[in-house]
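Presented below is the structure to which this report refers.
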Amino acid sequence: MHDFIPDNPYILLTPGPLSTSKGVRNALLRDWCTWDADYNIDIVQNIRRRLVALATNRTSEYTAVLMQGSGSFSVEATLGSVVPKNGKVLIVTNGAYGKRMVQMADALQLDYVEYALPEIAAPKPDEIALLLDRNPGITHVAMVHCETTTGMLNPLAGITRIVKERNRVFILDAMSSFGGIPIDAGVLDIDFLISSSNKCIQGVPGFAFVIAKQDELQKSAGNARSLCLDLYGQWREMNASGKWRYTSPTHVVRAFYQALDELEAEGGISARHARYRENQRLLVEGMADLGFLALLAPDLQSPIITSFLYPYPDFDFRAFYQQVKAEGFVLYPGKISEADTFRVGNIGEVYPDDVRRLLGVIRRIGTASEVKIDA
Ligand SMILES: *Cc1c(COP(=O)(O)O)cnc(C)c1O
């Protein structure tokens, strides 16, 4: 079977879709009928149980809902389903994904307050406390955990404490961190945690999932502003029958199931976290030696993806990108407005030896070509 799969021509050092294992890609190679026993209707319930167990020990308080579409669809499903008609959401923004939640709130016509920060600043728990105290009408707080725009890891525990002390519902976009960074949703009292199939669980794109506190989810019955993106509606159906309301991404689900097995085989989230951290440490140290400085201070940096400043103002990233790609690595452009940057992801089927090879490639390119690197 493996013979059918051509090796990838390059490794994706991107924030997702990312490089997957042969086992995960192999799972895509046959067709499945959703209601046939071979597909195994229990696969959905098995995945849901395992996702909850990855998020918390308090498995009876939480549930998981799978939803078709990319990660943003599930963020929109959550905002559009769980914020009541007379609710108001505080949205923390320090990058593109926080801003996307603001766009969603606009599209859904939700009442919201934005706590807007520069892209290289971390949200401050004290300021969130002040905003909540001044705005008693705020019912929900939504924040991104790892802001993939820069790679910044927002301070989760400090903020959930403030939010929970004030009895607000907490929604976390943990898209790029869940599975790669330990998060205990129960201990942090997170109400809705959202992630997707193609990030740190290392599956392929096609669906996302929401790990939800059951009693909070139950409150959202009949509240959704959309038929398809009704989180409660999807949960009801899935809970009862293991079925998705509309066509499910069967191949993607099988691949995700395989990816969960591989996460377990690796030693779970803490082992994967250690690998990503080692990837990131090697990368930042090696890049600094080559004249590429990280945008963020180490205490703000996640192990997920790293932004690097251009080494000099007229650095030709496109040429650099093409040369690195020809040697087997795909980098990622920058996404911030405050500085010229590019990004290198550490997640997916990527190991410290891959990072060492990448550094060797950049060292050769930097000394042998027109992409000059100020060392
Ligand atoms: C990847 C990602 C998303 C979802 O993006 P999609 O393109 O819709 O999959 C949302 N938030 C964060 C922080 C992400 O990294």
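Everything numeric in this text was worked out from a predicted model, so none of it was measured. Worth knowing before you read on, the calculation uses all heavy atoms, side chains too, and leaves out hydrogens, waters and symmetry mates. Counting convention: from 1, in listed order, for ligands and their atoms alike. Counting from 1, the numbers follow the sequence of the chain as shown.
Arg245 pairs by the side chain to side chain donor-acceptor pair (under 3.5 Å) definition with Gln234, not counting sequence neighbours. Residues satisfying the side chain to side chain donor-acceptor pair (under 3.5 Å) criterion with Asp230, sequence neighbours excluded, are absent altogether.
Ile181 belongs to a hydrophobic cluster with Leu18, Leu153, Tyr276, Ile304, Ile305, Ile347, counting contacts under 4.5 Å between side-chain heavy atoms of Ile, Leu, Val, Met, Phe, Trp and Tyr, direct or through other members.
Taking a cutoff of 4.0 Å between a charged side-chain nitrogen and a carboxylate oxygen, Glu327 and Arg364 qualify as a salt bridge.
Between Phe342 and Tyr310, the ring planes lie tilted relative to each other; the angle falls in the 30° to 60° range.
The only member of Lys199, His273, Glu147, His145 that meets side-chain hydrogen bond (donor to acceptor under 3.5 Å, both in side chains) when paired with Ser177 is His145.
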Dump all N/O pairs between ligand 1 and the protein below 3.5 Å as a table: atom names plus distance, one pair per row.
| unit_1 | atom_1 | unit_2 | atom_2 | d |
| --- | --- | --- | --- | --- |
| ligand 1 | 8 (O) | Ser70 | OG | 2.5 |
| ligand 1 | 8 (O) | Gly71 | N | 3.4 |
| ligand 1 | 8 (O) | Ser72 | N | 2.8 |
| ligand 1 | 8 (O) | Ser72 | OG | 2.5 |
| ligand 1 | 9 (O) | Gly71 | N | 3.1 |
| ligand 1 | 11 (N) | Asp173 | OD1 | 3.3 |
| ligand 1 | 11 (N) | Asp173 | OD2 | 2.6 |
| ligand 1 | 15 (O) | Thr148 | OG1 | 2.5 |
| ligand 1 | 15 (O) | Lys199 | NZ | 2.8 |

